[in-house]
Amino acid sequence: MSDLNRRDALKMLGLMAAAPTFSVACSSEDVQRAREQQAEQAPTRPAPQDYDRQLLTDHEFETVRVLTDWIIPADDRSGSATDAGVPEFIDHILTDEALPDRQEQQAAFRGGLAWIDYTCLDRHGTPFVECTEAQQQGLLDDIAWPEAAAPEMQPGVEFFNSLRDLTASGFFSSKMGMEDLQYQGNQFVAEWTGCPDEVLRHIGLETA
């Protein structure tokens, strides 16, 4: 490990020590409020690549970009989490003044990012974003399945569970996520004819 990485590792240890847990919890109300605030700022908000971060450093933000794209990658249906502005959403929601225990949640999130980098430095001598895809996937495989994770991986499990929730909340509350869900809003139904036969068959029920 280089001298620079040793200094970085000490900073990471400080971030990790400042957080009693790496679990972050934002309610549906927090998500809704964050999206409404972002919508109000839309006419003057800069493009995602010019987003003025309130909490995350350049390195932390890039780490979030890579992590969230592992969780929701681009496919033939829609773009990735980063394409939907999820990293910006996460930075925004964690700096919302109405977020309960805001400073503790910020410490938890940044401590979780530090744990990811510290673990990669220990395994591969390089932070997460500089690891190969195989190395990144190897770490994520160790923390993405709570019941199968080793005890020493539990801090990472806590963080990744929280990040996965935040990523899904950010993506599926975005315009891209709504389109991915093919959500059309409340639709007027003139006559209720019951659940379609094909849906009943799909869930293993027979029509009466």
Side-chain angles (χ1 to χ4, degrees), residues 12-35 53 55-57 59-75 78 80-96 98-124 127-129 131 133-174 176-177 180-181:
M12 292 171 195
L13 285 172
L15 287 170
M16 291 159 63
T21 176
F22 299 151
S23 178
V24 179
C26 296
S27 68
S28 58
E29 290 79 9
D30 297 328
V31 172
Q32 179 65 25
R33 183 174 59 252
R35 277 302 183 198
R53 294 185 299 281
L55 174 66
L56 302 175
T57 65
H59 176 74
E60 289 171 334
F61 192 73
E62 182 60 24
T63 304
V64 171
R65 286 171 57 90
V66 176
L67 283 167
T68 57
D69 279 356
W70 270 106
I71 295 170
I72 301 182
D75 57 20
S78 67
S80 68
T82 292
D83 294 329
V86 170
E88 292 85 358
F89 168 81
I90 290 174
D91 182 81
H92 182 85
I93 199 171
L94 289 175
T95 54
D96 183 355
L99 181 68
D101 302 318
R102 179 165 54 103
Q103 292 185 342
E104 290 81 357
Q105 302 231 45
Q106 290 175 356
F109 190 83
R110 298 187 71 197
L113 291 175
W115 184 93
I116 292 288
D117 268 345
Y118 193 81
T119 303
C120 286
L121 285 167
D122 183 56
R123 288 185 176 187
H124 309 296
F128 182 78
V129 295
C131 287
E133 286 192 4
Q135 290 169 341
Q136 291 176 355
Q137 184 172 358
L139 173 59
L140 297 182
D141 284 344
D142 287 343
I143 61 177
W145 313 100
E147 295 181 358
E152 64 271 20
M153 293 289 106
Q154 288 307 310
V157 170
E158 286 186 3
F159 171 71
F160 194 70
N161 279 347
S162 296
L163 179 63
R164 189 158 39 198
D165 289 345
L166 281 171
T167 300
S169 295
F171 183 82
F172 290 111
S173 64
S174 70
M176 180 179 292
D180 183 84
L181 290 171

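The model shown is predicted, which means the values in this text are computed figures rather than measured ones.
The shortest side-chain heavy-atom distance between Leu163 and Ile90 falls under the 4.5 Å cut-off. Between Phe109 and Val64 the shortest side-chain heavy-atom distance falls below 4.5 Å. Two residues are said to be in side-chain contact when any heavy atoms from C-beta on lie closer than 4.5 Å; Cys120 and Leu139 meet this criterion. In this structure, Trp115 and Ile143 have side chains that are in contact, with non-hydrogen atoms separated by less than 4.5 Å. At least one side-chain heavy atom of Thr95 sits under 4.5 Å from a side-chain heavy atom of Gln106.
For Glu133, the CD atom sits in a loose shell: 12 or fewer heavy atoms of surrounding residues, nucleotides or ligands are nearer than 6.0 Å.
Closest heavy-atom contact between Val86 and Gly170: CG2-C, 3.9 Å. Looking at every heavy atom in both residues, Ser173 comes nearest to Phe89 through OG-CE1, 4.5 Å. Gln136 approaches Cys131 most closely through the heavy-atom pair NE2-O, 3.5 Å. Listed here is the closest heavy atom pair of Gly112 and Phe159: CA-CD1, 3.5 Å. In this structure, Phe171 and Ala84 approach most closely via the heavy-atom pair CD1-CB, 3.5 Å. The heavy-atom pair separating Leu113 from Glu60 by the smallest distance is CD1-CB, 3.8 Å.
Leu55 pairs with exactly one of Arg102, Arg110, His92 by the side-chain contact (heavy atoms from CB on, under 4.5 Å) rule, that one being Arg110.
To the nearest 0.5 angstrom, Arg164 atom CZ is 11.5 Å from Leu67 atom CG. Between Thr167 atom OG1 and Phe172 atom CZ the span is 10.5 Å, to the nearest 0.5 Å. Interatomic distance, Asp141 CG to Met153 CE, rounded to the nearest 0.5 Å: 12.0 Å. Distance check, rounded to the nearest 0.5 Å: CG of Leu56 to CD of Glu88 gives 10.0 Å. Atoms CG and CH2, from Leu140 and Trp145 in turn, are 11.0 Å apart once rounded to the nearest 0.5 Å. Taken from CH2 in Trp70 to CZ in Phe160, the straight-line distance is 9.5 Å, to the nearest 0.5 Å.
Taking Asp142 as the reference, Arg123 meet the salt bridge (charged side-chain N to carboxylate O under 4.0 Å, His left out) condition, with sequence neighbours excluded.
No donor-acceptor distance shorter than 3.5 angstrom exists from the side chain of Gln105 to the backbone of Leu94, with no hydrogens or angles considered.
Side-chain atoms of Asp83 and Ser80 form a donor-acceptor pair, as typed in the model, at a separation below 3.5 Å.
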